[in-house]
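The structure displayed is predicted, hence computed values, not measured ones. Proteins get letters first, then strands, A, B, ... in listed order; numbering begins at 1 in each.
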Number of protein chains: 2
Amino acid sequence: MSKRDDLIDAAKTLLWEQGFEAMSPKKIMRLSGAGQGSLYHHFEGKQDLALAALAEVATEMRAVVDDVFSEDKAPMDRLSDYLLGSRQELNGCRLGRLSNEKTVYETNICTIIGDYFNYVSQHLHTTINDAKAAGDLPHHLDADAFSRSLQAVIQGGYILARGTRDAAFMNKAQEGAWAMVEALSRGH
Amino acid sequence: MSKRDDLIDAAKTLLWEQGFEAMSPKKIMRLSGAGQGSLYHHFEGKQDLALAALAEVATEMRAVVDDVFSEDKAPMDRLSDYLLGSRQELNGCRLGRLSNEKTVYETNICTIIGDYFNYVSQHLHTTINDAKAAGDLPHHLDADAFSRSLQAVIQGGYILARGTRDAAFMNKAQEGAWAMVEALSRGH
DNA sequence: GTCTATACGATGATAGAC
DNA sequence: GTCTATCATCGTATAGAC
């Protein structure tokens, strides 16, 4: 594996564990085992490296959600898999957790996050419509709003877990969301 | 107003707009008009100042939610006011937005955030039980999980809005959550 | 491609005059 | 209480040898 890959791997880890601002070139070098020369040979700077690392992260995460929302599964199973799936609560979402950082918000790093959010939302949207068609959810449901709500529960669950330093609150949020979906399904 | 108050006001603003790590003593000085001497006279350092500033922020925010959840209002009105209330979507929650920062998570600043989250959740919990008692929500509802879910929708809505740089997604998440609550209310 | 040496401003804090 | 030096260290990047 090349130094370039080592650098990207280190950046992926540090971005998840510490965020963008806290990820200094020095830390990247220590974790990757590469020297500063390699960093600035392969990338224009820290931001460019972060961009490359997060592009890979986004690709990995898309693959995961593609699996969660596989159309082989019944719509309601897709929803429960999405809502109840196990997550690293205290680390936060690998992309979403960066959205509050000033530099991230102001640069094209933010585009990677936004694109990923829209990608997941599209999956949710499709799944909700499939569930309607299958008679599992009421037709009057606004798929647009509903999909963003479910997505927000997950992103917010991470925030609750970290703010309280207690992973259980993410799980509570997940359970509550799934209970609401089930109630909608039964109640119509 | 004393320099101490000026410093705290500046910190409150910067913490909201930029976060903790991005709030440098230099920026604090410029915004507050105080010199470095004043900063280190009144506070032990940047972290101590942040702690004092965020304690004030938490007090202000508690007052706001106390109002939203006033027991003078019908339970369902409290819930709609909480869920649909107008927010500064692109700035994020003044406390929640800090939870992903490494230093915040590792220090007692995090306690302020967790305490606030629990405070809001307690209000939600009470309101949900009041709604049950009034016959507005089904008795089988898990108030614990439900309250954390609704709270997560708001916190997650901020993340969606910032990640996409589009305030509308917070509003979608809010609408979807309220629609679910209404459906639960009608459907039981 | 990779490394070490060097540069330079910013960060976070201290010392001491007023 | 407030201000202006001053300081050590870090963050970020460049230069140039190997």
task: Let me know the distance between NE2 of A:H41 and C1' of C:dG1, rounded to the nearest Å.
output: 5 Å
- request: Tell me yes or no: between the side chains of B:R148 and B:S121, is some donor less than 3.5 Å from an acceptor?
  value: yes
Please list, pair by pair, any protein nitrogen or oxygen found under 3.5 Å from a nitrogen or oxygen in nucleotides 7-13 of chain C.
unit_1, atom_1, unit_2, atom_2, d
C:dG12, OP1, B:K46, NZ, 3.1
C:dA13, OP2, B:Y40, OH, 3.0
C:dA13, OP2, B:K46, N, 3.3
C:dA13, N7, B:Q36, NE2, 3.0
C:dA13, N6, B:Q36, OE1, 2.9
C:dA13, N6, B:Q36, NE2, 3.2

- prompt: Hydrophobic clusters join Ile, Leu, Val, Met, Phe, Trp and Tyr when side-chain heavy atoms are under 4.5 Å apart, directly or via other members; which others share one with A:W16?
  reply: none
- prompt: Does the distance from a Lys or Arg side-chain N to an Asp or Glu carboxylate O, for A:E60 and A:R94, drop under 4.0 Å?
  reply: yes
message: Is there a side-chain contact between A:T126 and A:F69 in this structure, where contact means two heavy atoms from C-beta onward sitting under 4.5 Å apart?
response: no
query: Is there a side-chain polar atom (N or O) of B:S38 under 4.0 Å from OP1 or OP2 of D:dC3?
result: yes
message: Measure CG/B:D6 against P/D:dG1 and give the value in whole Å, please.
response: 15 Å
query: side chain to side chain donor-acceptor pair (under 3.5 Å) with A:R97: which residues, sequence neighbours excluded?
result: none
- prompt: In whole angstroms, how far is the C1' atom of C:dA15 from the CG atom of B:L39?
  reply: 16 Å
Under-3.5 Å N/O pairs linking protein and nucleotides 16-18 of chain D:
none

message: Taking salt bridge (Lys or Arg N to Asp or Glu O under 4.0 Å) as the criterion, tell me which of B:D81, B:D67, B:D66 meets it with B:K73.
response: B:D81
- request: With sequence neighbours excluded, tell me which residues meet side chain to side chain contact (heavy atoms under 4.5 Å, CB included) with B:L31.
  value: B:A10, B:T13, B:L14
message: Test: salt bridge (Lys or Arg N to Asp or Glu O under 4.0 Å). Region: residues 118-146 of chain A. Which pairs qualify, not counting sequence neighbours?
response: A:R78-A:D130
- request: Specify the separation, in whole Å, of atom CE of A:M29 and atom C1' of C:dC3.
  value: 10 Å
- prompt: Given atom CG of A:L14 and atom P of D:dG11, what is their separation to the nearest angstrom?
  reply: 12 Å
